[in-house]
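Every chain is numbered from 1 and lettered A, B, ... according to where its sequence line falls, protein lines coming before strand lines.
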2 protein chains.
Amino acid sequence: MARVRKTVTIRDVAEDAGVSLQTVSRVVNGGPNVRPQLRDKVRASIDRLGYVPSLAAQRMSGSRSYIILAINDRERTLADWRARLGTDWVDQMLLGGILTCSQHGYRMMVELVDTHSDHVERELGAALSALQPDGVILTPPHSENRLITQLLAERNIPFARIGSNAPGPGIPLTMGDESAAHLATSRLIELGHRRIAMIAGPSQYSLSGWRIDGWKRALDEAGLPHDGLLEVGDFGYASGTRAARALLDRHADLTAIIGSSDQMTLAALEVARDRGLAVPHDLSLISFDNTPIVRFSQPPLTAVDQPIAETVSRAVEQLIARGPDGDDDAVIEVPAGLVERSSTAPPPVEAPAQAHAHAPGRA
Amino acid sequence: MARVRKTVTIRDVAEDAGVSLQTVSRVVNGGPNVRPQLRDKVRASIDRLGYVPSLAAQRMSGSRSYIILAINDRERTLADWRARLGTDWVDQMLLGGILTCSQHGYRMMVELVDTHSDHVERELGAALSALQPDGVILTPPHSENRLITQLLAERNIPFARIGSNAPGPGIPLTMGDESAAHLATSRLIELGHRRIAMIAGPSQYSLSGWRIDGWKRALDEAGLPHDGLLEVGDFGYASGTRAARALLDRHADLTAIIGSSDQMTLAALEVARDRGLAVPHDLSLISFDNTPIVRFSQPPLTAVDQPIAETVSRAVEQLIARGPDGDDDAVIEVPAGLVERSSTAPPPVEAPAQAHAHAPGRA
DNA sequence: ACAAGTCTTGAGAACGCTCTCAAGATGCGC
DNA sequence: GCGCATCTTGAGAGCGTTCTCAAGACTTGT
């Protein structure tokens, strides 16, 4: 029925140009020893016939696969995922990776793996065997998952560990969490805050610790206390609500909170609103991540801008450039910036007689 | 140096189980005629060795590629893309596609193509040759791009056209834009609104027209006017600002606006705030898309929930199920719902003497 | 002008899989 | 128990590419 369009193969080009397969292959791959005249002739044939090498065949004969694999959690339903959209790393990472891969003639594939169970090894192993990617990108918390990193190292597949600075196989990349937290805290101190709390992420993420470190360092440098000013969440909204309430209950004099994720900080914003605290006049808020949602909250949140897309982009470039070797384990740091929006201001003046510039919000 | 782990091939399994390659292949692919006893033996070997067929090799020998390709605009920088995150279709589509592909043993790849110029043909052609995908997913406005659909039809590659209901090659899927707009408008009428404006999307998107149709139909059914109540934007924030201002300038008695994208509606929200109009008490707003950002605006927006992820999911399933044939061109409609949040309310009572329930917002 | 190189080109095998086709094993009807 | 049909198994070719290696063409130095 349908006219089956025969794919143009290297053989067609060879015949058309009157040369051998090998010569065409050399031209395509920029091989070194081809007479210019012949090369042009072959190129003309390639253009005329619209030849493009088949990735599958290339892979078969031992060349690269031109595939970079990004590992992600499975066990999320569509609804789950929709709920996390715009909130999560996934999309930013995808876009950074896809764009950069595309620019280098690579493709990015996302592999969903059940990272929690010990199926990891089997599932990931299967994906690696099937796809034979030229590189793998790991994001937290997978970057520090032994099972995963060992499997990759064993198979001799180059991989990037984002959000990990431990020595060992794989290219470590970080986003300057410690300095970012230090910067955010310092900014609040500069504004006059003296009670600055933090809602941290879960401890199995190294970056949670780094952020706490930066916060503490800034506090210490200014001679400010941090006892009882730390709460731990799981990056999700509900945990942020819980943490913010606990902090506010405990410290009546709290004037600023740094949240370790946009979700948690947004939750803190909600808690503040519920308690009649105006942000930023009564309470300043700084968030971590700077995903799109914080631009549209009321007020828009000041946030540490985690350069996720850029970091993934760097990771891809590293993987492509290094190829199969790569014992260089210098940590690559893509620094985070602070985007000041409207959730930060000087703290309210302490004397109760002194009225605020405006009404304290709804009761 | 590094112990190069030899990949487990079908040959290894064959030797291990003491059978021929062909038998292993049959077991792997669920071939029909294998003695149960032998099959179990082969399966045991497969498990023991951890054999997984190489996709590249499978593809080479004429089988499927197990790849679904999603076409997207190139010509976006990382910054561009970050700005659109959480706002755009891309991520929702990606996630729906990736998840569904994964469930069926397929993979989704995103191909960035310069869809505007006439490079399309060359770029897309190259991608198709290189990847040889089993199916392609087109989103608006590519779904209606002749150059693209023709190329795909010519090559005999199954493809889905999301947001298109025109006859022709490819599986058409829509998201009930007409009824969704009708529903949204009816809801506003029900609340008592009589002046309901729409900020539509650009006309090269069929769905823009469908939404206008639904809006008009609801208005007509209620005997309400629509003259001068339509503005056209480009889905972007700036165009929403322009459109909202124009509408508000023109009609002092306007009490509701339907925006054809979250960005545009958020812009309208901002314009309302600037003019001292409280949402929803002075002005009701309904948005289209329901991307994550509208949950966190103040107030959260009532929105038509475009089931993008679900639609892409359906598209993937169709492509996988149909395989190479597919002359069934019945339009598949995944209906959109309306998520009511806090940007809709009855219109203010017309008599100027009647005070609102609260202050009219900042000047 | 001749030997010893370097460039250029091509022939053939190999990659891991599935397809086609033929041969052997097994079942059925009488 | 024999002939035929059906099941089961395997051998070999082929998919489109790159790799290895060898042969021929062209330099260069003397």
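Out of D:dT18, C:dC17, D:dT9, the shortest distance to the side chain of B:P53 is found at C:dC17. Of all nucleotides listed (C:dG16, C:dC19, D:dG16), C:dG16 comes nearest to the side chain of B:T9. The side chain of B:L21 lies closest to C:dT18, out of C:dT18, D:dG16, D:dT9.
Counting non-hydrogen atoms under 4.0 angstrom, B:V19 reaches the backbone sugars and phosphates but no base. Residue B:Q58 is in sugar-phosphate contact alone, with no base atom involved, counting any heavy-atom pair closer than 4.0 Å across all strands shown.
As a whole-Å value, the separation of B:Q22 CD from C:dC21 P is 13 Å. The interatomic distance linking A:I46 (CD1) with D:dT17 (C1') rounds to 13 Å, in whole Å. If you take CD of A:Q37 and P of D:dA25, they are 16 Å apart, rounded to a whole angstrom. If you take CZ of B:R26 and C1' of C:dT20, they are 11 Å apart, rounded to a whole angstrom. With rounding to whole Å, B:I10 atom CD1 is found 11 Å from C:dC19 atom P. For the pair B:L38 CG and C:dA25 P, the computed distance is 14 Å after rounding to whole Å. Summarising the geometry, the separation between CG on A:L55 and P on D:dT17 is reported as 10 Å, rounded to the nearest angstrom. Atom-to-atom, CD of A:Q132 to C1' of D:dT18 comes out at 15 Å; the value is rounded to the nearest Å.
With hydrogens and angles ignored, no donor-acceptor pair closer than 3.5 Å exists between the side chain of B:R59 and the base of D:dG16. For B:S61 against C:dT18, a side-chain-to-base donor-acceptor contact under 3.5 Å is absent.
Using a distance-only test at 3.5 Å, with no hydrogens or angles considered, no donor-acceptor pair links the side chain of A:R59 to the main chain of A:L131.
Within the 4.0 Å cut-off from OP1 or OP2 of D:dC7, not a single side-chain nitrogen or oxygen of B:N33 is found. Between D:dT17 and A:Y66, no contact under 4.0 Å exists linking OP1 or OP2 to a side-chain N or O. Contact between the side-chain N/O atoms of B:S20 and the OP1/OP2 oxygens of D:dA11 is not found at any separation under 4.0 Å. Side-chain N/O atoms of A:R35 include one lying less than 4.0 angstrom from OP1 or OP2 on C:dT9.
The residue among B:G18 and A:R11 whose nearest nucleotide of DNA chain D lies closer to the 5′ end is B:G18. Between B:M60 and A:S25, it is B:M60 whose nearest contact on DNA chain D lies nearer the 5' terminus.
Side-chain contact between A:P307 and A:R314 is absent, with no heavy atoms from C-beta onward closer than 4.5 Å. Side-chain contact check for A:R39 versus A:R43: some heavy-atom pair is nearer than 4.5 Å.
In this structure, A:I98 CD1 and A:Q103 CD are separated by 12.0 Å, a value rounded to the nearest 0.5 Å.
Of the N and O atoms on the side chains of B:D134 and B:S65, at least one donor lies less than 3.5 Å from an acceptor on the other residue.
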Yes or no on side-chain hydrogen bond (donor to acceptor under 3.5 Å, both in side chains) for A:R155 and A:S129, after CA distance, side-chain angles and deciding distance?
-> CA-CA 10 Å; A:R155 297 230 183 179; A:S129 299; 3.0 Å; yes
